[in-house]
Each structure stands twice: as C-alpha cells, then as structure tokens.
Amino acid sequence: MLSFLISAVGGFAIGAVVYRDHGTVWGLVSAMVVFMVIQLIVGLLIRRFVNRDQMIIQNILMQAQNDINRQLTIFQRRSPGSERAAMQILEKIQVKATRDALAATDNFRKYYIWNLMLKRQINTMKMQLYFQLKDYKMVDELLPQCMLFDQQSLAIKLVRLYKTDDTLLAKFYKKKCARLKGEACAFVASVYAWILLKQNNVQGAVDVLLAAKNKTDHPVVVENFERLANGKVKQFSNSGFGDIWYSLGLEEVKVKAQKQKMPRPF
C-alpha cells in the first residue's frame, strides 16, 4: 500500500533528524507521530475522492429509479398496450443504468494502490451489479474477491452455491451467516430456509428459522416458522422482504391483474 510506504519513509526521515539532535526516545516518538499524521491525511484525501466517485454511481442508479417511477406514472395515464411491453421498457432503463454504473466503477482503479481493501469493496459492488444483469459467470469470478459482510452479498453467495449445487453451501451458511443479527439475520436465514425447502429439507429449514427467531422478531421469520412448524410448507413465502428478495431471481413477482396500473419489474 503506497500510503503506508510514504508514511514509513516520512516517519523514518523525520525520526532520524530528531534522533540526531534529541536522542532515541524523541526520535521514535517523532517517527510514530509523523507516520500517523501522514496516514491520516492520505486516508482522508483518498476517502474524499472515493466518496465522490461513489456518489456518481449512486446518482446513476437513483436517476434510473426516478425514470422508472416517471414511466410508471405515464403507464397509469396511458397504457403501453401490454404488461410485457411495459416490463421491457422498464427493464431497458434498469439495464442501461446498471451498465453505466459498472462502467463508472473503473474510476476507482487509480485508488487501489493507496488502499488494499478498496479493490475488494469495489469488487463487491461490481458483483452485485453483474448479478442484476444476470451475468452469473462474472458474478462467480468476482465472488472470491469480494467482502461478504452485508446481507445482499451473503444472500447472493448462497444463491450461487445453491444454483451450482456446491457442497459447501451448508458450511458457508454456518461459517458466514449463522452469526448475523437483526434485519440481516432475518433476510439471509429466510433465503437459506427457502433453499433448504427446495432441497426437500423441511426440518433443516425449521431449524434455521428457529435459530433466527431467537435473534429477531421479524414478521417474515416468525410467520414462516409457524407455517413450517404446522406443516404448511406450501404457504412459506419470503415476499414480505419485497424488492430485496425478488432481486435474487429465485421467484417471480406475483402480480394481480389491475386495470390501468403496471407492476414494478424489480
């Protein structure tokens, strides 16, 4: 990491000068102080630049959502002809924004030399964007280089392990997901429970939801646990999580037919 090297050189140089004039103790203290000050200054500058580029990506995605909302309003006033036609228009907006956001992640490359962890953070962002585009080859390539801490990334990893029939699925959940709490615990546990049900492991899903219920009182977890405990497996549903659940692509959004009203695609 370049910032560490610059800080070390600066600290050593100042420390050597102070050591010559004031002795060992003051030389070491000066070196440490200069090292930390340079690290702090460089860190703040890089963070400022990174935050600026992150805002660019956020603005791209927010603008797309605004465009989608505007298009939905238009559909309510004037029907596009069919639900499929409407979905295609909305998906086109979303796909373009996602690709533009991916292109904008190239701006972060110049900062990698300053922060070793930044590349993994950006890889995580790129992985999620590729997942939205259903480019699963790129998702699988990036996953080993990501930071899997947030609920969306962990859920995507579970989905990819499930879709590729990876035998490490249970081990990954136990190691990375079982210790989650709150909202993250509720969502990731529910995703894993859904997967276990698809694998005909009802008891496993019950155990996962029971453990999650002891950490969170999220209504989706509570309701699904009660359904499974009472043998109502077919009533299991993660629809209560909304867009974050459907973004995983495991289920289609269930839409009731409505006149002059078009559904959200994502």
Side-chain angles (χ1 to χ4, degrees), residues 1 3 40-75 86-160 176 180 182-188 191 240-250 253 262-266:
M1 188 164 61
S3 61
L40 179 62
I41 293 173
V42 173
L44 289 174
L45 287 173
I46 296 301
R47 182 181 301 177
R48 181 179 179 181
F49 296 143
V50 168
N51 288 341
R52 179 198 61 190
D53 289 339
Q54 285 180 331
M55 282 302 301
I56 292 174
I57 294 176
Q58 290 178 16
N59 289 337
I60 290 173
L61 299 178
M62 287 177 62
Q63 183 59 51
Q65 189 59 55
N66 291 337
D67 291 343
I68 288 174
N69 292 337
R70 191 179 305 111
Q71 195 66 56
L72 285 168
T73 301
I74 293 173
F75 290 159
M87 294 289 283
Q88 288 176 339
I89 292 172
L90 298 178
E91 287 174 0
K92 184 177 180 180
I93 295 173
Q94 185 68 39
V95 167
K96 181 181 183 305
T98 303
R99 294 195 181 281
D100 288 345
L102 271 170
T105 61
D106 289 341
N107 294 333
F108 294 100
R109 290 182 179 178
K110 56 183 173 289
Y111 307 128
Y112 291 167
I113 193 172
W114 298 96
N115 188 330
L116 292 177
M117 298 303 296
L118 180 61
K119 185 174 182 179
R120 296 182 70 86
Q121 294 174 7
I122 301 306
N123 281 341
T124 304
M125 183 191 303
K126 291 170 64 176
M127 179 272 293
Q128 293 177 351
L129 292 170
Y130 277 118
F131 190 85
Q132 291 181 27
L133 293 173
K134 296 181 173 60
D135 188 342
Y136 301 125
K137 180 180 178 181
M138 285 301 302
V139 171
D140 292 340
E141 287 182 10
L142 286 169
L143 272 170
Q145 307 167 49
C146 293
M147 298 177 67
L148 303 180
F149 295 124
D150 65 286
Q151 61 180 9
Q152 187 72 2
S153 297
L154 290 168
I156 289 174
K157 178 67 174 182
L158 288 173
V159 171
R160 294 309 301 153
K176 294 288 188 177
L180 295 173
E183 184 79 18
C185 169
F187 179 63
V188 177
V191 172
F241 289 109
D243 291 344
I244 192 174
W245 164 248
Y246 291 113
S247 69
L248 295 177
L250 296 174
V253 182
M262 304 310 299
R264 291 178 182 273
F266 309 104

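Just so we're clear, the structure is a prediction, and the values are computed from it rather than from any experiment. When reading the values below, keep in mind they use all heavy atoms of this one structure, side chains included, and skip hydrogens, waters and symmetry mates.
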Restricting to non-hydrogen atoms, name the atom on [X] and the atom on [Y] that form the minimum distance, rounded to 0.1 Å.
X    : Y    : value
Y111 : L118 : CB-CD2, 3.4 Å
Q151 : V188 : O-CG2, 3.8 Å
L180 : C185 : O-CB, 3.3 Å
I60  : A104 : CD1-CB, 4.2 Å
L143 : M127 : CD2-CE, 3.8 Å

Tell me, with the steps shown, if Q54 and V50 meet side-chain contact (heavy atoms from CB on, under 4.5 Å). CA-CA 6 Å; Q54 285 180 331; V50 168; 3.9 Å; yes
4.5 Å side-chain heavy-atom contact, [X] and [Y]:
X    : Y    : result
K96  : D67  : no
K119 : I122 : no
M125 : L102 : no
S153 : Q128 : yes
L72  : L90  : yes
D53  : I57  : no
N51  : M55  : no

Verify side chain to side chain donor-acceptor pair (under 3.5 Å) between N59 and Q63, making sure each step is shown before the conclusion. CA-CA 6 Å; N59 289 337; Q63 183 59 51; over 6 Å; no
Got a second to check how far [X]'s [atom1] is from [Y]'s [atom2], nearest 0.5 Å?
X    : Y    : atom1 : atom2 : answer
M138 : N123 : CE    : CG    : 9.0 Å
D100 : T105 : CG    : OG1   : 11.0 Å
Q71  : I93  : CD    : CD1   : 5.0 Å
N66  : R70  : CG    : CZ    : 6.5 Å
K126 : D135 : NZ    : CG    : 11.5 Å
R99  : L129 : CZ    : CG    : 11.0 Å

Any chance the rings of Y136 and F131 have centres within less than 6.0 Å?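 Aromatic pair counts; centres sit under 6.0 Å.
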Could you go through the side-chain contact (heavy atoms from CB on, under 4.5 Å) check for K176 and L148 one step at a time? CA-CA 8 Å; K176 294 288 188 177; L148 303 180; 5.6 Å; no
R48, CZ atom: more than 12 neighbouring heavy atoms under 6.0 Å: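 No.
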Intermediate values then yes/no, side-chain contact (heavy atoms from CB on, under 4.5 Å), Q121 and T124: CA-CA 5 Å; Q121 294 174 7; T124 304; 5.5 Å; no
Relative to each other, are the rings of W245 and F187 parallel, tilted or perpendicular (30° and 60° limits)?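 If you compare the ring of W245 with that of F187, the planes turn out perpendicular.
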Between Q132 and S247, do the side chains contain a donor N or O and an acceptor N or O under 3.5 Å apart?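 No pair is found: no donor N or O on one side chain lies under 3.5 Å from an acceptor on the other.
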Between K137 and E141, is the side-chain contact (heavy atoms from CB on, under 4.5 Å) condition met? List the steps. CA-CA 6 Å; K137 180 180 178 181; E141 287 182 10; 3.6 Å; yes
